[in-house]
Amino acid sequence: MNYYVIVDVTLRRGIADPEGATIERALPALGFSGVTNVHAGKSFRLDIEAPDETSALKKATALAERLLSNPVIEDSTARLGTRDGE
Amino acid sequence: MNYYVIVDVTLRRGIADPEGATIERALPALGFSGVTNVHAGKSFRLDIEAPDETSALKKATALAERLLSNPVIEDSTARLGTRDGE
Amino acid sequence: MTRIGVVVFPGSNCEYDVLAGVSQLGATAELVWHSQTDFNGFDGIILPGGFAHGDYLRPGALARFSPVMDAVARFAADGGPVLGICNGFQILTEAGLLPGALQKNRGLTFLCQPTTLTVTSTDSVLTHHAALGQELVIPINHFSGAYTCDDETLRSLEEHRQIVLRYLDNPNGSRDDIAAIANIAGNVVGLMPHPERAMSNLLGSADGRILLEGFVASNVLVA
Amino acid sequence: MSSPPELLHRALGLTDDEFRDIQQVLGRDPNQLELALYGVMWSEHCSYKSSRIHLRRLPTEAPHVLVGPGENAGVIDAGDGIAVAIRIESHNHPSAIEPYQGAATGVGGILRDVFTMGARPLAVMDPLFFGELTDARQRWLVEGVVAGISGYGNSVGVPTIGGELTFDDCYSSNPLVNVLCAGALPTERLVLGVASGVGNLAVLLGSSTGRDGIGGVSVLASAGFAGNDGAASVDDAKRPSVQVGDPYEEKRLIEACLALLDGGYVVGIQDLGGAGIVCATSETAARGGVGMDVDVTAIPLREMGMQPYEIMTSESQERMLAIITPENWDAVGALCAKWEVRASIVGHVVDPVEGAHGQPVGMLRIRNGFDGEVLAEVPAKSLADEAPLYDRRRTRPANFDTVRADDPTYDERVGSPNDDLLGLLVDPAWVYRQYDSQLFLNTVVGPGRDAALLRLAGPGLPYSQRGIAISTDSNPRWCALDPRIGTALTVAESVANLACVGATAKAVVNCLNFGNPEHPEVMWQLSEAIDGMAEACIGLELPVIGGNVSLYNESGGNDIDPTPVVGLLGVLESLVAPPPGWDWQEGNAIVLVGQRSAVGDEPFPLSGTRWATRRGRRGGRMPGFDPRSLKSTFDFVAREIANICAGGVSDITAVHDVGGGGLGGALAEMASATGLGAHVAALQGHRELFSEFPGRFVMATNDVQALSERAALAHVAIDVLGSVTGDRLCIDGLVDLDVSEIVSRREGALVEALNLTV
Ligand SMILES: Nc1ncnc2c1ncn2[C@@H]1O[C@H](COP(=O)(O)OP(=O)(O)O)[C@@H](O)[C@H]1O
Ligand SMILES: [Mg+2]
């Protein structure tokens, strides 16, 4: 059957994150104070055909590590979700 | 106090998603079968200074809608999380 | 006569420029479609600039799976000269043929501008005709050109003199001002600047010639 | 679409009279689908119904014109067997709503107009207009629009080599994003968007069809923004879903289409832009005088449950319609497969039917399956060419004379020319650095100078040593004062830009950005601007070969200033050396070439200048327009620089036309380009320093004598202003500045205004 999977990709600790830094710098001017440690990442939502949850997650994790992220600079996690509400 | 917030930004229904579509088209050739409805999105992780959870989320939602997304083509959701495990 | 294969992925766009540049140097160059699984009798392979597969996901992330990339890996393993220019460099890192990764520019904008490079190693198929410390004016044209790697990788790059070109005035936040690196053997090189755009003074600079001349002549070197 | 037709037509933007016209054409009531087709095809955006009668006054002919207005792009014969296609379009309202995608899809659309003609797109230009950057929303718009052009243009692989950048409050809720594209083709490969040959197939190439931008032309492009906050006020229900550009699809589409044309597999080809499939099918059929059957079920869809009217009017991006002979279907399919471009047979070319008076009438028939039920049946021509034309009321603005009377030339205080000059300088480099301006190894002069200059070369073109030059220009400050003279002078300024790189102007394209045509003052401005353009083009012997009209640029009832944008295409016979540019050298004499003072009773008017506008003075009278003296000056400069580009020796070391910022601006820009200062004597005060009118060039030479003699022979005036020296710009009694200060102020201006930390 089909499983709805969400893959989160984030920059590894220690890797520069200019996007997050730029947003953080822009915030005060836009009236947002007290916001720190801003980090930008990517996410992917997809349906995976698999016999059961475990193998769906296994497939998703492989996809996340081999394709959706670049392990040299990024970490990735895959989790099962539901179309709405996640 | 400081709250860890995760903001997810996804394309609104009906808006074309060439990135997701291109990835999906490429998958079979890369040896991944049975993967459909691939959609690419953005995510942001940040710490928000606020008196309580509700106001932290309120602040995050405003941030998400005013700065991190363009509501004309994107939906955004903000949720509280924990640094590891989320 | 030297024969250079120029690999074309859907979305590549500098293939004709590279063709023109290489032909000016008396070599013959041919376009190689990405679905091809082996090359016959090429003396060198160039992965040109552009946006292979639209750069969707990450620059080079989808291109690295193209059938042609196995052939490129074999060619490189046999010591064949391989050059990745801009998007080609990004593909080589994604494919693991070169260490590290290329991230978005520090300023988060695309940059098309001349840069001044210094030759920091001549132990590569790209730089062996140039002189150590020589300065070259060559344009960059990229959004994701900030070279990134962990400390250990950087140490080994320096140890094996694999950093072959550095920016004089770092435009994109590249670690250690890195503009081009080679593998340990020196036969696989990736650079973000575009030497094929610096082949004549009519277009602003001819400093790219010495690099491409070296590459075209390099099969002799590695053979 | 539930409401009964007689109300529906209004919802679709059709007037009651237009509804009656449709009943006339069909001899019956249109059904809902048919009404929807007329709704988009008779929209202002598609039909030009308010502007067409005025556009007829523009000169369009010259021996070298291969294709004039009316086709997807204008085409000229550039020599050596190479033709150049050029077109300019606006994407204003979509960019106000989603700046990145609005601008990106604008680039995609203009490229399709050009490769539809069989030309490979070789260059893009982007004239942009925003409100003042003190407003955060404007900064968001600028960053988004520039990123969109960069993201799409660079990825699709076409260099962006120039444009314009204007900030004025009149654009704050209605930014303008115009995009120009030029391409080249072997002359014999020229193709037109014509469907011919009964039995031929209409093949849809490229993306699948979704609900993107349905009714975009009628809802977005043919109506103003309700409120003052621009996009924010277009109500959600009315707003078509935003189109997202896919440069990767477009890149493959370009390569596939050019390969199809090389293979000789297509008889006609047409891009899908505004009004989507209905526009492409009805226009190709109308041009060919044939009928076309379209099968809605044959069109690949991206979304579920789409209605026929949605499918027919969707503005999904990256699609083309090719007309091919059945025998070629296999070859076409194979080529498209290589480029991973989807190809589907969606239409058949059919015989015209017999009209009421026995005349042949090509019908556009929308069917549910090729031999299924007919859902709509209307004369293709009635959709494409027979929208009602309006001669809307025109009245000169009531305040015209009072505005003219408010002339800053004399009563505006002088102030500090030093500070004024520094305040006028803006280097757009932050913008154009984000564009690939070098692809194809043609760019001899890229963005940042007077005009862009390219080698006339590209994949698949015959060898040539020629060059082409392109410049886009506009001056809403001038046109607000006097749309007629303002537009004429804008054309002149653009020809001057070309002369600076040695090119002779060959053709004009224009994008007329105006307010609401239902305001008589706006119609007057439009009509005057067209007369001014006609006057200039006739006087300077230039054909207008294409254009675009963008109306309803208004918010909350406020119209933008009249903003005609011109794109000038010029040709160089021989391009083997770069033109001198702005790089003057120590010791050179600095001379002013051309009529030193303006035409009319005021030698150095300050009306309409950047100097006056910065002081909030927006009134005054424009100088006159004298094409004869302008033309002899332009021809002289172009000839002198062309000689250098052809490899000839010359005493001229630098050239720059006097444009925005006046003579002071030109001198400051040349100083900052080289780091070399100058000493200039005896200008007629701050008026001559800041006055803006075309026809003047600053040249640097190492042999004044020789240059003066050549100028005299050409009956061109020349005045020695001073010399290049040291590292300060000194203009006696007016300016004394360190060049490094000029450089930092000029380079920093935009980045600071955007408050970016780079
Ligand atoms: N939006 C833009 N995109 C690319 N280039 C631009 C843009 N705006 C201005 N430029 C370039 O900057 C230079 C100066 O522009 P402009 O002030 O319009 O010159 P001029 O006054 O001579 O017409 C020109 O070369 C122009 O092409
Ligand atoms: Mg201009």
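Chain letters run A, B, ... following the sequence lines, proteins first and then strands; every chain starts at 1. Below, all heavy atoms of this structure are taken into account, side chains as well, without hydrogens, waters or symmetry copies.
For B:F44, the parts sitting under 4.5 Å from any heavy atom of chain A are the backbone and the side chain alike. With a 4.5 angstrom heavy-atom cutoff, B:A50 does not touch chain A via any of its atoms.
Across B:G20, B:A40, B:G34, the residue that shares the most heavy-atom pairs under 4.5 angstrom with chain A is B:G34. For the options B:L27, B:D47, B:L46, heavy-atom pairs under 4.5 Å to chain A are most numerous at B:D47. Of the listed residues (B:L68, B:L63, B:I48, B:L67), the one with the most heavy-atom contacts under 4.5 Å to chain A is B:L63.
Remark: A:R45 does not engage B:D17 in a salt bridge, criterion side-chain N to carboxylate O under 4.0 Å.
Using a distance-only test at 3.5 Å, with no hydrogens or angles considered, no donor-acceptor pair links the side chain of B:K59 to the main chain of A:V35.
Of all the heavy atoms in A:R66 and B:L30, the pair that sits closest is NH2-O, 4.2 Å.
The shortest side-chain heavy-atom distance between B:D8 and A:D8 falls under the 4.5 Å cut-off.
In this structure, A:H39 NE2 and B:S43 OG are separated by 11.5 Å, a value rounded to the nearest 0.5 Å.
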